[in-house]
Amino acid sequence: NVLLVGGSQMGRVGKELERKGKDVIEEVGFVQVKGKWDGVEVGNVLREAQGLALKPDKVVLGGPGNSLFTHGEKDRRGFGPERTVTLEKGKGGEVRKVVVKYHMTEPMRISMAERRELVERVVEMAAGLKGCFPGIDVVYVTMFPRFVEPCCTRGGHITEDDCWAINGFRKSVDADLVEELQMIGVSVVEWWELCGMEKELMVDVLRKGSVVCHDGVHLTESMNTCTAVNLCHRLAEMELAGGGSLGGGSLRGKKARMESRMDL
């Protein structure tokens, strides 16, 4: 049983885990972090997780990508989504396609004090999950990339320079998070490993690789599937290495048999 905790991207990975990992994973649960990762939301998430009927063997915690930049106009400024929905209609007026895209208006990264607080809240979340489910493995997945290209051509919205700044800051905050999470016994998996890559890629390469979908903040369908399958294998490896419910035997042989069963 696996419980995923994080933003909407982790929810999408969870759906793919259910679809692709049914021969290895019995049940998948998801608790969404809504909005900014602050003390109130950490408490909300931990209470919801503890109240679930699902009793997980593994908990996968996704990074706080929604809490790195403030954006928006005037009184609407904050961490909330700036979403546009466009309807593409046919000649007869029928709706042929619904296009959702997320924007950032005048993005500004959080201050050093806010950054320190964010790191502390994520560590608090991980420690709290370990406390909710004693003896389980908690795995942290580093933040997936987002806004790798300008969201539109409107003034004040994401520019080319902003794309590089957003992704550079993401990696910088994750470096702090990884160091502190590992100190409390949380395992770390890099997002790019789950996406089948050998290393973290630069923004211009991410664009060419069709990693982020048209909405600007989620992975493409193919990357969601790849992430779910690789995460399933990683969790199974952890179980086998620890002598868990999947039994003993050769790790390499077990993994090969799992791969032959899964419809990749």
A.B. asks: Any luck finding a side-chain donor-acceptor pair between Thr159 and Asp162 under 3.5 Å?
C.D. replies: yes
A.B. asks: What distance separates Leu3 CG from Ile136 CD1, expressed to the nearest 0.5 Å?
C.D. replies: 7.5 Å
A.B. asks: So do Cys195 and Leu219 actually touch side chain to side chain, heavy atoms under 4.5 Å?
C.D. replies: yes
A.B. asks: Please determine if Asp215 and Lys101 form a salt bridge, counting it only when a charged side-chain N lies under 4.0 Å from a carboxylate O.
C.D. replies: no
A.B. asks: Is there a donor-acceptor pair closer than 3.5 Å between any side-chain N or O of Asn230 and the backbone N or O of Leu194?
C.D. replies: yes
A.B. asks: For a 4.5 angstrom cut-off between non-hydrogen side-chain atoms, does Met197 reach Val211?
C.D. replies: yes
A.B. asks: Locate the shortest heavy-atom distance separating Ala228 from Glu16; write the atom from each residue and the value.
C.D. replies: CB-CB, 3.4 Å
A.B. asks: How long is the span from the CD1 atom in Ile110 to the CZ atom in Phe69, to the nearest 0.5 Å?
C.D. replies: 8.5 Å
A.B. asks: Given Val5 and Val33, is the side-chain contact (heavy atoms from CB on, under 4.5 Å) satisfied, shown in steps?
C.D. replies: CA-CA 7 Å; Val5 178; Val33 180; 4.1 Å; yes
A.B. asks: Could you tell me the separation between the NZ atom of Lys20 and the SG atom of Cys226, rounded to the nearest 0.5 Å?
C.D. replies: 11.0 Å
A.B. asks: Heavy atoms, side chains only, cut-off 4.5 Å: are Tyr140 and Glu190 in contact?
C.D. replies: no
A.B. asks: Measuring from atom CD of Glu48 to atom CD of Gln32, what distance do you get when rounded to the nearest 0.5 angstrom?
C.D. replies: 9.0 Å
A.B. asks: Taking side chain as C-beta onward, heavy atoms only, is Ile184 less than 4.5 Å from Val123?
C.D. replies: yes
A.B. asks: Decide yes or no on side-chain contact (heavy atoms from CB on, under 4.5 Å) for Leu235 and His233, but give the supporting numbers first.
C.D. replies: CA-CA 6 Å; Leu235 295 175; His233 286 321; over 6 Å; no
A.B. asks: Of the non-hydrogen atoms in Phe79 and Leu68, which two are nearest, and what is the gap between them?
C.D. replies: CE2-N, 4.4 Å
A.B. asks: Would you mind checking if Glu18 and Lys22 are paired as a salt bridge, meaning a charged N to carboxylate O distance below 4.0 Å?
C.D. replies: no
A.B. asks: Applying side-chain contact (heavy atoms from CB on, under 4.5 Å) to Val2 and Val60, what does each step give before you reach the verdict?
C.D. replies: CA-CA 7 Å; Val2 179; Val60 181; 4.0 Å; yes
A.B. asks: Return the minimal non-hydrogen interatomic distance between His103 and Cys152, and the atom names on each side.
C.D. replies: ND1-SG, 3.5 Å
A.B. asks: Checking salt bridge (Lys or Arg N to Asp or Glu O under 4.0 Å) for the pair Arg115/Asp176: CA distance, chi angles, key distance, verdict?
C.D. replies: CA-CA 10 Å; Arg115 171 178 172 161; Asp176 293 344; 2.8 Å; yes
A.B. asks: Within a 6.0 Å radius of atom NZ on Lys55, are there more than 12 heavy atoms belonging to other residues, nucleotides or ligands?
C.D. replies: yes
A.B. asks: Do the side chains of Met183 and Val188 join up, straight or via other hydrophobic residues, at under 4.5 Å, putting them in one cluster?
C.D. replies: no
A.B. asks: Report yes if the side chains of Val13 and Leu4 come closer than 4.5 Å at any heavy-atom pair, otherwise no.
C.D. replies: yes
A.B. asks: Sort out for me which residue in Lys34, Arg146, Lys36 forms a side chain to side chain donor-acceptor pair (under 3.5 Å) with Asn66.
C.D. replies: Arg146
A.B. asks: Specify the closest pair of heavy atoms between Ile25 and Cys232, including all atoms of both residues, with the distance to one decimal.
C.D. replies: CD1-SG, 3.9 Å
A.B. asks: Which pair of non-hydrogen atoms, one from Arg47 and one from Asn44, has the smallest distance, and what is that distance?
C.D. replies: NH2-OD1, 2.7 Å
A.B. asks: Under a 4.5 Å cut-off applied to non-hydrogen side-chain atoms, are Met202 and Asn167 in contact?
C.D. replies: no
A.B. asks: Out of the candidates Glu73, Glu82, Lys74, Arg77, only one should pair with Thr105 under the side chain to side chain donor-acceptor pair (under 3.5 Å) rule; please name it.
C.D. replies: Glu82
A.B. asks: Evaluate Val85 against Val98 for side-chain contact (heavy atoms from CB on, under 4.5 Å), listing each step before the verdict.
C.D. replies: CA-CA 7 Å; Val85 180; Val98 179; 3.6 Å; yes
A.B. asks: How far does NZ of Lys208 sit from CG of Leu206, to the nearest 0.5 angstrom?
C.D. replies: 11.0 Å
A.B. asks: Any salt bridge linking Glu180 with Arg116? Criterion: basic side-chain nitrogen under 4.0 Å from a carboxylate oxygen.
C.D. replies: yes
A.B. asks: Is any side-chain heavy atom of Pro145 closer than 4.5 Å to a side-chain heavy atom of Trp192?
C.D. replies: no
A.B. asks: Does the side chain of Met143 come within less than 4.5 Å of Val173's, by heavy atoms?
C.D. replies: yes
A.B. asks: Quick one: do the Glu200 and Trp191 side chains pair a donor with an acceptor below 3.5 Å?
C.D. replies: yes
A.B. asks: Surrounding CD of Glu221 (heavy atoms of other residues, nucleotides or ligands, distance under 6.0 Å), is the total greater than 12?
C.D. replies: no
A.B. asks: If you take all heavy atoms of Ser67 and Trp37, which pair is closest and at what distance?
C.D. replies: OG-N, 3.1 Å
A.B. asks: Does a side-chain N-to-carboxylate-O contact under 4.0 Å join Glu160 and Arg207?
C.D. replies: yes
A.B. asks: Given the rule that I, L, V, M, F, W and Y join up when any side-chain heavy atoms are under 4.5 Å apart, are Val212 and Val205 in one cluster?
C.D. replies: yes
A.B. asks: So, the side chain of Ser172 versus the backbone of Gly168: is there a donor-acceptor pair under 3.5 Å, distance only?
C.D. replies: no
A.B. asks: To the nearest 0.5 angstrom, please state how far the CD1 atom of Ile158 sits from the CZ atom of Phe147.
C.D. replies: 4.5 Å
A.B. asks: State yes or no: do Leu201 and Trp164 share one hydrophobic cluster built from I, L, V, M, F, W and Y residues joined by side-chain heavy-atom distances below 4.5 Å, directly or via other members?
C.D. replies: yes
